[in-house]
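One structure below.
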Protein chains: 2
Amino acid sequence: MNKSVFYHAGCPVCISAEHDIINLIGANNVEIVHLGEDKGRIAEAELAGVKSVPALLTPNGHVLHINFGASMADVKS
Amino acid sequence: MNKSVFYHAGCPVCISAEHDIINLIGANNVEIVHLGEDKGRIAEAELAGVKSVPALLTPNGHVLHINFGASMADVKS
């Protein structure tokens with residue numbers, strides 16, 4: 001895994017953070033996953049340690065939770 | 001202002017996030033400010049919108065609060 005993965009759920013906080021992350025690290029270096037539209041990837045995100053969105057999973061497996069937008073429980077409902 | 005500024009306070013969460021941010025955006029693209037050692041810059045950080053550390057101030061003035069380490073009140077004490 002060489003790319004980072006940015007997990008979000010479409011909330012305003014998420015979209016703002018998404019733009020900031022893309023500006024900072026480049027669109028080619030990050031996969032964007034919308035958990036609200038792609039619920040099949042929620043389990044993967046939780047396994048990686050994502051507790052809330054938006055969150056950035058780094059290539060070395062660390063999770064950076066950024067400006068709280070929604071909990072994973074909110075994303076599932 | 002073209003560089004990002006990473007504000008932290010030396011806590012373990014801060015140091016881990018600092019390494020991740022440097023890996024992601026490059027050491028040349030971010031100024032690291034340790035508010036515990038450089039308390040003269042706390043006012044500047046608060047004015048920029050920093051509520052807790054670690055936090056990344058982007059070149060366009062947005063603040064990304066990352067994995068809660070300490071509140072600004074804790075940093076001042």
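Just so it is clear, the values below take in all heavy atoms, side chains as well, and ignore hydrogens, waters and symmetry mates. Chain A is the first sequence line, chain B the second, and so forth, proteins listed ahead of strands; every chain is numbered from 1.
- A side-chain donor-acceptor contact under 3.5 Å links N67(B) to the backbone of V63(A).
- Taking hydrophobic clusters as Ile, Leu, Val, Met, Phe, Trp and Tyr residues chained together by side-chain heavy-atom distances below 4.5 Å, V50(B) does not share a cluster with F68(B).
- Under a hydrophobic clustering in which Ile, Leu, Val, Met, Phe, Trp and Tyr are joined whenever their side-chain heavy atoms come within less than 4.5 Å, directly or via other members, I66(A) and V53(A) fall into different clusters.
- Scanning residues 29-46 of chain B against chain A with a 4.5 Å heavy-atom cutoff picks out nothing at all.
- Residue-level contacts of residues 12-20 of chain A with chain B, in order of numbering, are S16(A), A17(A), D20(A); threshold 4.5 Å between heavy atoms.
- Taking hydrophobic clusters as Ile, Leu, Val, Met, Phe, Trp and Tyr residues chained together by side-chain heavy-atom distances below 4.5 Å, V75(A) shares a cluster with Y7(A).
- Each of L64(B), I21(B), L24(B) was checked for a side-chain contact (heavy atoms from CB on, under 4.5 Å) with L24(A), and the lone residue meeting it is L64(B).
- To the nearest 0.5 Å, atom CG of residue N23(B) and atom NE2 of residue H62(A) are 9.0 Å apart.
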